[in-house]
Amino acid sequence: MKEELIELAFGAMENAYAPYSNYHVGSCIRTRDGQTFIGANIENASYGATNCGERSAVFACYSHGYRADDIVGIAIVTDGDILAGPCGICRQVLSELLHEDTPIYLSNRKETQTTNMQNLLPMMFGKKDLK
């Protein structure tokens, strides 16, 4: 599953619209029933309106009615020279929309690392903190 998700994420990265940063990100989510959802970063001159690849993928997944219990893995890939993890906003979003132990595969074609939200965002702030 990992290799297929990574390849699909690199395919999604080809759809990135990154005229400002020239930094391309692709992502792919797989659900328990075998569906895949892709996303790419889409930039905007108003930088706050930019959407990252991993948020694009998870929002597409949720828009089709899937939830955290349905997600079995996500790949996030970049064309950068160094392996990169999700930005802070994406970590916060993913911390609520994925389970803490959902496999997250990071790759830049030179190397791949498997992690999860427990490692990417320890002491997560979420629903439990709002009670």
Side-chain angles (χ1 to χ4, degrees):
M1 174 183 73
K2 175 169 85 171
E3 292 78 17
E4 180 187 9
L5 279 183
I6 290 169
E7 284 308 310
L8 289 169
F10 275 113
M13 187 178 73
E14 298 299 318
N15 298 325
Y17 175 74
Y20 307 104
S21 71
N22 291 311
Y23 189 79
H24 302 93
V25 177
S27 185
C28 185
I29 289 176
R30 178 171 302 282
T31 59
R32 290 192 190 289
D33 64 2
Q35 294 296 312
T36 56
F37 296 90
I38 62 168
N41 60 316
I42 308 298
E43 294 182 348
N44 190 281
S46 174
Y47 295 140
T50 292
N51 203 45
C52 299
E54 51 270 53
R55 280 189 287 143
S56 294
V58 77
F59 291 163
C61 182
Y62 267 67
S63 293
H64 281 86
Y66 292 93
R67 297 296 181 258
D69 286 342
D70 303 307
I71 298 171
V72 296
I74 179 173
I76 305 166
V77 304
T78 70
D79 62 359
D81 290 332
I82 61 170
L83 192 63
C87 73
I89 291 171
C90 288
R91 289 176 195 224
Q92 180 62 39
V93 169
L94 294 176
S95 76
E96 183 160 334
L97 302 183
L98 300 177
H99 286 303
E100 291 180 14
D101 60 349
T102 299
I104 300 171
Y105 311 113
L106 306 174
S107 185
N108 66 348
R109 291 226 188 256
K110 295 177 187 174
E111 62 181 307
T112 297
Q113 180 179 337
T114 302
T115 190
N116 59 43
M117 287 313 304
Q118 292 168 328
N119 293 324
L120 288 177
L121 192 61
M123 298 179 64
M124 293 175 241
F125 177 85
K127 291 186 250 185
K128 68 183 181 325
D129 300 296
L130 298 175
K131 293 184 179 180

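Numbering starts at 1 and runs along the sequence shown. What you are looking at is a predicted structure, and each value in this text was computed from that prediction instead of being measured.
- Contact annotation: the side chain of E43 approaches that of P19 to within less than 4.5 Å [non-hydrogen atoms, C-beta and beyond].
- Nearest heavy atom pair, residue G73 against residue M1, reads CA-CE, 4.4 Å.
- For the pair R67 (side chain) and C61 (backbone), a donor-acceptor distance under 3.5 Å is absent.
- Cluster annotation: I38 and Y66 are assigned to distinct hydrophobic clusters (Ile/Leu/Val/Met/Phe/Trp/Tyr, side-chain heavy-atom contacts under 4.5 Å, transitive).
- With hydrogens and angles ignored, the 3.5 Å screen pairs a side-chain donor or acceptor of D79 with a backbone N or O of H24.
- Remark: H99 NE2 is packed, more than 12 non-hydrogen atoms of other residues, nucleotides or ligands lying under 6.0 Å away.
- Separating the OG atom in S27 from the CZ atom in F37 is a distance of 12.5 Å, to the nearest 0.5 Å.
- Scanning all heavy atoms of the two residues, the minimum distance from A12 to A40 falls at O-CB, 3.4 Å.
- M13 and L5 fall within the same hydrophobic cluster, defined by Ile, Leu, Val, Met, Phe, Trp and Tyr side-chain heavy atoms under 4.5 Å apart, directly or through other members.
- Judged by distance alone, with hydrogens and angles left aside, the side-chain atoms of N119 form no donor-acceptor pair with the main-chain N or O of P122 at under 3.5 Å.
- Between the side chains of N44 and S46, no donor-acceptor pair is found at a separation under 3.5 Å.
- Scanning all heavy atoms of the two residues, the minimum distance from Y62 to L97 falls at OH-O, 2.9 Å.
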| task | Kindly indicate, with the supporting measurements, whether the criterion side-chain contact (heavy atoms from CB on, under 4.5 Å) is fulfilled by E4 and R30. | result | CA-CA 10 Å; E4 180 187 9; R30 178 171 302 282; 2.6 Å; yes

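- For the pair Y105 and I74, the minimum side-chain heavy-atom distance is 4.5 Å or more.
- A salt bridge between D81 and K110 is present, with a side-chain N of the basic residue lying under 4.0 Å from a carboxylate O of the acidic one.
- C87 contributes atom SG, which lies 10.0 Å from atom CG of N41 (distance to the nearest 0.5 angstrom).
- The side-chain heavy atoms of S107 and F10, taken from C-beta on, include a pair separated by under 4.5 Å.
- Using a 4.5 Å cut-off on side-chain heavy atoms (C-beta onward), I6 and V77 make contact.
- Minimum heavy-atom separation, R55 to T50: NH2-O, 3.8 Å.
- Considering only heavy atoms from C-beta on, C52 stays 4.5 Å or farther from I89 through its side chain.
- Contact detail for L121 and S95: the closest heavy-atom pair is CD2-CB, 3.8 Å.
- Under the 4.5 Å side-chain criterion, counting only non-hydrogen atoms from C-beta, L106 is not in contact with T78.
- V25 and F59 end up in the same hydrophobic cluster when Ile, Leu, Val, Met, Phe, Trp and Tyr side chains are linked at under 4.5 Å.
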| message | Would R91 and M117 count as a side-chain contact (heavy atoms from CB on, under 4.5 Å) here? Give the steps. | response | CA-CA 8 Å; R91 289 176 195 224; M117 287 313 304; 4.3 Å; yes

| said: Before you tell me yes or no, could you show the steps for I104 and L98 under side-chain contact (heavy atoms from CB on, under 4.5 Å), namely the whole-Å CA-CA distance, both residues' side-chain angles and the distance that decides it to 0.1 Å? | reply: CA-CA 10 Å; I104 300 171; L98 300 177; 4.2 Å; yes

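- The hydrophobic cluster containing L83 also contains Y23, counting ILVMFWY residues as joined when their side-chain heavy atoms lie under 4.5 angstrom apart, directly or transitively.
- Closest approach of K127 to E96, counting heavy atoms only: CE-OE2, 4.1 Å.
- Atoms CD and CE, on Q118 and M123 in that order, are 14.0 Å from each other to the nearest 0.5 Å.
- In this structure, CG on L120 lies 4.0 Å from OG1 on T115, to the nearest 0.5 angstrom.
- Here D70 contributes atom CG and I29 contributes atom CD1; the two are 11.0 Å apart, rounded to the nearest 0.5 Å.
- Remark: E100 engages no residue in a salt bridge (Lys or Arg N to Asp or Glu O under 4.0 Å) (not counting sequence neighbours).
- Relative ring orientation between Y47 and Y20 is described as perpendicular, the plane-to-plane angle rising above 60° on a 0-90° scale split at 30° and 60°.
- The CG atom of N108 lies 13.0 Å from the CD1 atom of I76; values are rounded to the nearest 0.5 Å.
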